[in-house]
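Residue numbers begin at 1 in each chain, while the letters A, B, ... track the order of the sequences.
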Protein chains: 4
Amino acid sequence: MTEEVKAPGRARRLPRAVRERQILDAAVEVFSRHGYHSASMDEISEVAGVSKPMIYSYLGAKEDLFAKCIRREAGRLLEAVRAGIRTELPPDMQLWHGLRAFYRFVAEYRDSWTVLHRQALTVGGQFADEVTVLRTKAIDIVATLVVTAGTKQGLGQVAEFSGPALAVSLVGAAESLADWWLDHSDVSDGVLASWLMNLVWLGFNDLVEGQVWRPAG
Amino acid sequence: MTEEVKAPGRARRLPRAVRERQILDAAVEVFSRHGYHSASMDEISEVAGVSKPMIYSYLGAKEDLFAKCIRREAGRLLEAVRAGIRTELPPDMQLWHGLRAFYRFVAEYRDSWTVLHRQALTVGGQFADEVTVLRTKAIDIVATLVVTAGTKQGLGQVAEFSGPALAVSLVGAAESLADWWLDHSDVSDGVLASWLMNLVWLGFNDLVEGQVWRPAG
Amino acid sequence: MTEEVKAPGRARRLPRAVRERQILDAAVEVFSRHGYHSASMDEISEVAGVSKPMIYSYLGAKEDLFAKCIRREAGRLLEAVRAGIRTELPPDMQLWHGLRAFYRFVAEYRDSWTVLHRQALTVGGQFADEVTVLRTKAIDIVATLVVTAGTKQGLGQVAEFSGPALAVSLVGAAESLADWWLDHSDVSDGVLASWLMNLVWLGFNDLVEGQVWRPAG
Amino acid sequence: MTEEVKAPGRARRLPRAVRERQILDAAVEVFSRHGYHSASMDEISEVAGVSKPMIYSYLGAKEDLFAKCIRREAGRLLEAVRAGIRTELPPDMQLWHGLRAFYRFVAEYRDSWTVLHRQALTVGGQFADEVTVLRTKAIDIVATLVVTAGTKQGLGQVAEFSGPALAVSLVGAAESLADWWLDHSDVSDGVLASWLMNLVWLGFNDLVEGQVWRPAG
DNA sequence: CATGAATGAGGTTTCATTCAT
DNA sequence: CATGAATGAAACCTCATTCAT
């Protein structure tokens, strides 16, 4: 019976950038599992396979570490969504592709999503801001689509319409559905996106009347 | 010669139910301010004007206390929404009235809402369940409306539709808009509800085409 | 063989003031032995027979604790010296009695003296200030004696004289001799004071010429 | 084409003696600023422009390093004082010149003085010894002067006199005045020395009677 | 009933020191 | 020779929880 377990103690020497990525990966995983407060630096260091002083030396205190996680994951998510949108298509298709990209990201980087959505909002203002920036950017993308289409008809004038508020709502709906998906993963990202399109693009009323939105590509 | 001066540090003896309410009120306030983990039993006991052993004696450990907060506030919220709905009206008006009741509750019991929405999700599965129960009930209310209307037309048949999923989305949109409202309080609950109705009842498409939903009562 | 050792664990409940004194006593002892930085809260709590949280609850963090030690011991020392001086006597006898009181204090509260003289000066400005205040008060006492006598003769005018500077020097000499005494304790406080009197009152020159100062009471 | 640019992070290879001096200089500066315990090897290595392993390789652990600082600075100070004394002059002038040399050293090597006087005493017995040796040597110089003069008159006989004790006192006075000087630097070293001479050579009594000591050269 | 007093356990952070390149 | 990378050990501090009055 050979000794498979790596002897604990001194870790292999790796370049700093690699170690930082290792640590951030571990941190995202642990923060996702326990939340900011319950996560312990001990567990993060254990998961990362690195001693605690390395973490402090490379990424700073717990707060800094968390902020860096948030920032990295937020950047990734936003990038994924932006890359998914095809600006040459009509607005509804852009929205649909953006939503699909979002759900693919959630499926692939479950921990990232959990940290961003569930944990970052509760630690008090300083991190909420980081996430707010992300949401704001996401909302802007949506709002641009909606408002662009809407203003053609002078919708900005009527009290029943508010571009930002509708965008906020849509983003909230998408997030909520993402959470639900985590427990009902037997649906494809395309179907999820279609559901949302039918909700926000057509609305219940049209659905009730038998109209259905379907991707045109 | 009776002793009129209240001995400092020793509270008047009060019936148990009153004490429990005092404590729960304080707990909701503190949990709302700091979140579950950062909230300290010391602060709760201070805000409640009651010594810590009383809390443990009446409501149990921190976890129990939090769970009881969640349950009480969730009950209040659901009750408020149920009371707001007028079942004699058509589905869209029911939805509109339900949403208004929800926003009135959020405005009036801001701490309750914060605890339910922001804090309860982060404490790991144990409390998420409590909140899930609440959301499920809220979603059921919505789903009943939607599905009732929808099944008339056989909507359950097409893949683009899922009653529960749409309900989840709507609830998420409503929550998200509630959060947004906390920072943009210069809008009435009726307007908020109308915005949401235009999103989910009519959809972007109809809006763009110039149709607008307005409460019919 | 009966069990003599007090079972560790819960300490007897004592009124807060008593515990605070216990803790301060222990802290002075430990700070005296190891200095501010090397002293550990663990050792202090052990010596005090109290758990660490009590220390933090009653006297605050390490810095606060140290400051409180300094302030208490400085007050004691100054009080002892003031009480020793008999203002009805002539200046030289006042000085002599003040010095004796000082040495008696050093002998009786060795730890206090060590903390005040050796440790407090090295921790950086914030505590040095506390001690500087003490020294300043001591120096003022001396300077008052010296200058009172000196100004009669118009000594303030000549460059070779500076009341404050001479007082500083005398205090330094007294402190230095106190340190020396800690390792040569076979001399009485009266003799120590006499040596100093012969140094600062008569000076080497008079000594060389055979004059000697002796207490006149 | 030779590589002219100094690779960052890698220091030029220098003879060992130079490196050791660099390191000791940096150590004295840092120890003087923060004290023994608060000084970090990191800061020392940074100030020295040398990596930490070099320090350990050349001068040993922190304790060794500190001891070597003390020893070097003590040697310098003693040498300066010895060089200042002119043995061909009468005892009082020797003392005066010695004091002047001492104050000039303090002014020029402020860090050295701080380390010797303030920091070395607090680290527990281990370094106090090093400093004690220095003080002892300084005291010996003074004591020799005093005793030489004093024994002419048989001063050793009376209880009111102790050569070593008086020397200790004088050194203490000189040190104390040096510290005072650090905050009142607008006085020349000659004036400082004169003040001390008036204190210890003439004494308060003679001063009050109008006698003043002045350098005779 | 009500509380001040008390603590075990655990978290974050820092630092002197050494190994392997 | 010189160093970046790595860590064991230990310090400070806080908090949920309970006992004894």
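Straight-line distance from the CZ atom of D/Phe31 to the C1' atom of E/dC15: 13 Å, rounded to whole Å. What separates CD of A/Glu20 from C1' of F/dA5 is a distance of 13 Å, to the nearest Å. Taking atom CD1 on A/Ile23 and atom P on F/dA5, their separation rounds to 12 Å, with Å as the unit. Spacing between atom CD of B/Glu46 and atom C1' of E/dT3 amounts to 15 Å, rounded to whole angstrom units. Rounded to whole Å, atom C1' of E/dT12 lies 13 Å from atom CG of A/Asp64. Atom P of nucleotide E/dC1 and atom CZ of B/Arg19 are separated by 11 Å, given to the nearest angstrom. The distance from atom CG of A/Leu14 to atom P of E/dA20 is 14 Å, rounded to the nearest whole Å. Following rounding to the nearest Å, C/His34 (NE2) and F/dA10 (P) show an atom-to-atom distance of 14 Å.
With distances taken from any side-chain atom of C/Met54 to the nucleotides E/dA5, F/dT7, F/dT3, the minimum falls on E/dA5.
Contact annotation: the side chain of D/Leu24 approaches that of D/Leu65 to within less than 4.5 Å [non-hydrogen atoms, C-beta and beyond]. Considering only heavy atoms from C-beta on, C/Lys62 comes within 4.5 Å of C/Phe31 through its side chain. Put simply, the side chain of D/Arg16 does not reach to within 4.5 Å of the side chain of D/Arg19, judged on heavy atoms. Counting heavy atoms from C-beta on, the side chains of B/Glu73 and B/Val28 come closer than 4.5 Å. Annotation: side chain of C/Ile23 is not in contact with side chain of C/Lys68 (no heavy-atom distance under 4.5 Å). Counting heavy atoms from C-beta outward, B/Arg72 and B/Asp25 have side chains that approach closer than 4.5 Å. Put simply, the side chain of C/Tyr36 does not reach to within 4.5 Å of the side chain of D/His37, judged on heavy atoms.
When each of A/Ser57 and D/Arg16 is assigned the nucleotide of DNA chain F with its nearest heavy atom, D/Arg16 is the one assigned upstream, toward the 5' end. The nearest heavy atom of DNA chain E to D/Pro53 and to C/Pro15 marks one nucleotide each, and the one closer to the 5' end goes with C/Pro15.
Here A/Ile55 contributes atom CD1 and A/Met41 contributes atom CE; the two are 5.0 Å apart, rounded to the nearest 0.5 Å.
Paired regions of DNA chain F, where each region holds three or more successive Watson-Crick or G-U pairs whose two hydrogen-bonding distances fall under 3.5 Å, are E:2-21 with F:2-21.
Salt bridge absent: A/Arg71 and A/Asp64 never bring a charged side-chain N and a carboxylate O closer than 4.0 Å.
Between F/dC1 and D/Tyr58, no contact under 4.0 Å exists linking OP1 or OP2 to a side-chain N or O.
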Polar-atom pairs under 3.5 Å, protein N or O versus N or O of nucleotides 11-13 of chain F: list them with distances, or write none.
unit_1: F/dC12; atom_1: OP1; unit_2: C/Ala39; atom_2: O; d: 3.4
unit_1: F/dC12; atom_1: OP1; unit_2: C/Lys62; atom_2: NZ; d: 2.8
unit_1: F/dC12; atom_1: OP2; unit_2: C/Met41; atom_2: N; d: 2.9
unit_1: F/dC13; atom_1: OP2; unit_2: C/Tyr56; atom_2: OH; d: 3.1
unit_1: F/dC13; atom_1: OP2; unit_2: C/Lys62; atom_2: N; d: 3.0
unit_1: F/dC13; atom_1: N4; unit_2: C/Lys52; atom_2: NZ; d: 2.8

